[in-house]
Amino acid sequence: MKIALTLPDDEVLELDGPLPAAAAARAVSEGLARRAVAVRLDGRVIDLHSELRAGGRFEVLTDNDEDSLQVLRHSTAHLMAYAVQELFPEARFAFGPDVENGFYYDILVGRPFTPDDLARIEARMKELARAKLPFVKTIMSREEAKRFFAERGQGFKVEHIDDLPDAAEISIYELGDFVDLCEGPHVPDTGLLKAFKLMSVAGAYWKGDEKREQLQRIYGTSWFKAKDLEAHLTMLAEAEKRDHRRLGQQLGLFGIKEDAGAGLVFWYPKGTVLREQIENHWKAEHRRRDYQLIVTPHIFRGELWRTSGHFDFYADNMYTFDQDGQTYVVKPMNCPGHILVFQNELHSYRDLPLRLAELGTVYRYERSGTLHGLLRVRGFTQDDAHIFCTPAQLAGEVTKLIDFSQELQRDLGFNEFQAELSVRDPANGDKYIGSDGEWEEAEAALKSAADEVGLAVKRMEGEAVFYGPKIDLKLRDAIGRLWQTTTIQFDFNLGRRFNVQYVDEDGQHRHPYIIHRALLGSLERFVGILTEHFAGEFPLWLAPVQVAVLPVSAPFRDYGGQVTERLRSAGLRAELDTRDEKVGYKIRQAELQKVPYMLIVGSREMEQGTVSLRSKKQGDEGAVGLEDFIARALDEVSRKH
RNA sequence: GCUGGUGUAGCUCAGCUGGUAGAGCAACGCACUCGUAAUGCGUAGGUCCACGGUUCAAAUCCGUGCACCAGCUCCA
């Protein structure tokens, strides 16, 4: 039989089939075949050993292809499982997929893996890899496969087979003495597995279910080339250096105090300055866009949370207390408060869209294991707003929001964003509040708004919360990581529950649409991200200390004092280092504190009325006039970068 | 919440198999009066996370709780 393969350049290659994919690759090009890792047929990646029985779009994948990395990583997971099986014959294997940057395998063994075990496993993997063992695929019937794994005590595999759809082809892969249930694909042999490293071990549940067995998950990373592995490890080291928890302490920005409680953030003087800059900018930008800023209480009576429905859903996560026979709730959200403000007067359609904004501090009980520095806390300040609008205003408001979000975050140093549109789970319809029509309308508004600002949106089926669809924005930081910040959510729930109304043109009372949104997410989380993004070297307008004035020795303190005072009167945040230390020491301290500018003053400067400028970016820049420096610094502040 | 690890001076950490604690930085004092990433000497500083247990003796071993770290699960 003839098999027609359409190559990426649209050329069609006719071959006698069936034939192994590797042979087809050789027919395309010998050189390419030597570098082949797998092939892609009609979009599906398959391994080189597999027989081609039909034609289609055909592509040979080399180590340059992103899909090849996935194949490599999944194959490394098998190699690891093989090594584990040899060292721990009683091991029972669960899932072992590839993930971003690597792979893991969930394994059940009688005792915890130690770092020492990981070293042994890795060493054994290296030995096995050098043997260039082939990955051999075999198709089995369902019953045969179940019997096979049952005989070997691999209960998870048997259970997995039962979960596979009836139509699924059941295949196993042999790698030396290790046999695994797997649909593939894999690299041809272990010779390609060279640049890998086992990273860590952590607990994980069988099928992600807390009620099922807890397994040990070994994480590893795997690359085609040693230098890629190295680059990855360097990136991880870089991320560690940027860790906001470490920098928060080193730079005197923020921290968490065990005495006060987990997940509760203390903002130290310098961190408070940083936060204040962000808050001031945030407020100014909101006023400019016709938002009205409000302040609402931190605790509300329990009744309000019954009305809002939060008690039903989140009682376990709310901090409550009783006083005078009343239950109070420390607010976990600002919404009910904003609704009360809206309802303070009767609104006309002419008032809409009405935008209420608040830097509202909320508290939520989060499970202890989920807490993480400033990124996941129990008390945080949302940069919150609620927009009350008519159905006709919906799409326009969302467009404005997406624009606003990106503009605000660009001001703060981020330039790349991704968006996700979370919609209903069609299979679980009655979980949601609001009519089909409302959901469709809201979804369309979100989609068209994103389109209008040219933002690509990934549709997340079933990811919406019960009260409405939402669009989330993620930013990409300086070392390529994505962080979710902005969320724009429709709320079909609160308007009804609180019976929020406005008077329309025709005199009828109608429910406005409510959009709930946070652009930065929370100040705590955002400052954590910001700190890692800039590695603590904040742009001048945000830097807690902008200028350090360093007298060369004691006689020049007075002159340094005058310089400092002038800087402060010009609106710059300057500090004078009066310590009895050599100038080299003071410079080092200012460098470690990541102060953008240092002004060194001694006899020369005092005589000429200048300062000697040293910038964090360029080092020694020589003598400059104080007023010239001030002009330059103020300009930099106003440009925000 | 779960699995594993960790908790020692303000900070970063050392302290082997049990014999009541140590370094660097920071702080403070003295000397030096200093020119672009650490001047020298000295002083002070600890409920070894908390509570209970084992032991003649616990920072060290055991239990419980709390906190932190890596993940899992969760995140209005």
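Just so it is clear: chains get the letters A, B, ... in the order the sequence lines come, proteins before strands, and each one is counted from 1.
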(request) Could you say whether A/Gln589 or A/Leu613 is positioned toward the 5' end of RNA chain B, judged by the nucleotide with the nearest heavy atom to each? (result) A/Gln589
(request) Output yes when A/Glu238 and A/Lys241 qualify as a salt bridge under the 4.0 Å nitrogen-oxygen rule, no when they do not. (result) yes
(request) Select base, sugar-phosphate, or nothing to describe what A/Arg245 touches, counting heavy atoms under 4.0 Å on all strands. (result) sugar-phosphate
(message) Counting neighbours of CD on A/Gln608 that are heavy atoms of other residues, nucleotides or ligands and sit closer than 6.0 Å, is the number greater than 12?
(response) yes
(request) Once you apply the 3.5 Å cut-off to both distances, tell me the Watson-Crick or G-U wobble partner of B/rA38, or none. (result) none
(message) Need one value for A/Gln216: base, sugar-phosphate or nothing, where a base atom within 4.0 Å counts as base even if backbone is also close, heavy atoms only.
(response) nothing
(request) Rounded to whole angstrom, note down the C1' distance from B/rA23 over to B/rG5. (result) 25 Å
(message) Quick test of your reading of the model: are A/Glu397 and A/Arg355 salt-bridged, counting only N-O distances below 4.0 Å?
(response) yes
(message) Considering every strand and a 4.0 Å limit on heavy-atom distances, what is the contact class for A/Glu621: base, sugar-phosphate, or nothing?
(response) nothing
(message) Please classify the nucleic acid contact of A/Tyr365 as base, sugar-phosphate, or nothing, using heavy-atom distances under 4.0 Å.
(response) sugar-phosphate
(request) Look at all strands and tell whether A/Ala554 reaches a base, only sugar-phosphate, or nothing, counting heavy atoms closer than 4.0 Å. (result) base
(message) Before we go on, tell me: are the rings of A/Phe95 and A/His160 under 6.0 Å apart, centre to centre?
(response) yes
(message) At 4.0 Å (heavy atoms only), tell me whether A/Arg579 reaches a base, stays on the sugar-phosphate, or touches nothing.
(response) sugar-phosphate
(request) Nearest-nucleotide wise, let me know which of A/Leu592 and A/Asp580 is further upstream toward the 5' end of RNA chain B. (result) A/Asp580
(request) Determine the contact category for A/Gly584: base if any of its heavy atoms lies under 4.0 Å from a base atom, sugar-phosphate if only primed atoms, P, OP1 or OP2 are that close, otherwise nothing. (result) sugar-phosphate
(message) My understanding is that a pair needs two contacts under 3.5 Å, Watson-Crick or G-U wobble. By that rule, which nucleotide pairs with B/rU54?
(response) none
(message) Categorize A/Tyr219 for me: base, sugar-phosphate, or nothing, with a 4.0 angstrom heavy-atom threshold over every strand shown.
(response) sugar-phosphate
(message) Taking the ring of A/Tyr314 and the ring of A/Trp305, is the distance between their centroids below 6.0 Å?
(response) no
(request) Go ahead and name the base partner of B/rC32; Watson-Crick or wobble counts if both distances stay under 3.5 Å, otherwise write none. (result) none
(message) Can you check the distance between B/rA67 and B/rA31, where both ends of the measurement are the P atom (answer in whole Å)?
(response) 49 Å
(request) Look through every strand shown and name the nucleotide pairing with B/rC48 as Watson-Crick or G-U wobble, where both distances are under 3.5 Å. (result) none
(message) Does the structure show a Watson-Crick or G-U wobble partner for B/rU43, both distances under 3.5 Å? Name it, or say none.
(response) B/rA27
(message) Within the 4.0 Å heavy-atom criterion, would you say A/Gly263 contacts the bases, only the backbone, or no part of the nucleic acid?
(response) sugar-phosphate
(message) Applying salt bridge (Lys or Arg N to Asp or Glu O under 4.0 Å) to A/Lys257 and A/Asp259, what does each step give before you reach the verdict?
(response) CA-CA 5 Å; A/Lys257 299 279 140 194; A/Asp259 291 341; over 6 Å; no
(request) Look at all strands and tell whether A/Arg367 reaches a base, only sugar-phosphate, or nothing, counting heavy atoms closer than 4.0 Å. (result) base
(request) Return the orientation label for the A/Phe388 and A/His386 ring planes: parallel under 30°, perpendicular over 60°, tilted otherwise. (result) tilted
(message) Please classify the nucleic acid contact of A/Val583 as base, sugar-phosphate, or nothing, using heavy-atom distances under 4.0 Å.
(response) sugar-phosphate
(request) Could you tell me whether A/Phe313 and A/Phe466 have their ring centroids closer than 6.0 angstrom? (result) yes
(request) Please measure how far the C1' atom in B/rC61 lies from the corresponding atom in B/rA76, and state the result in whole Å. (result) 46 Å
(request) Taking atom P in both B/rC32 and B/rA70, compute the distance separating them and give it to the nearest angstrom. (result) 49 Å
(request) Under 4.0 Å between any heavy atoms, over every strand shown, what does A/Tyr467 touch: base, sugar-phosphate, or nothing? Just pick one. (result) sugar-phosphate
(request) Write down the distance separating the C1' atoms in B/rG24 and B/rG18, rounded off to the nearest Å. (result) 28 Å
(request) At the 4.0 Å heavy-atom cut-off to chain A, mark where contacts on RNA chain B begin and end, going 5' to 3'. (result) B/rG1 to B/rA76
(request) With heavy atoms under 4.0 Å as the rule, sort A/His516 into base, sugar-phosphate or nothing. (result) nothing
(request) In whole angstrom, give me the gap between the P atoms of B/rA26 and B/rG40. (result) 10 Å
(message) For the P atoms, the ones on B/rG4 and on B/rG42, what distance do you get once it is rounded to whole angstrom?
(response) 48 Å
(message) Need the pair for B/rC2. Rule: Watson-Crick or G-U wobble, both distances under 3.5 Å, any strand; none if unpaired.
(response) B/rG71
(message) Quick test of your reading of the model: are A/Arg367 and A/Asp316 salt-bridged, counting only N-O distances below 4.0 Å?
(response) no
(request) Before accepting this row, confirm whether a basic side-chain N of the pair A/Arg588/A/Glu581 lies closer than 4.0 Å to the acidic partner's carboxylate O. (result) no
(message) Checking base pairs now: Watson-Crick or wobble, both atom distances under 3.5 Å. What partners B/rU17?
(response) none
(message) Under 4.0 Å, heavy atoms only, any strand: does A/Tyr314 hit a base, just the sugar-phosphate, or nothing?
(response) base
(request) Take atom P in B/rU20 and the same atom in B/rU60, then report the distance between them in whole Å. (result) 13 Å
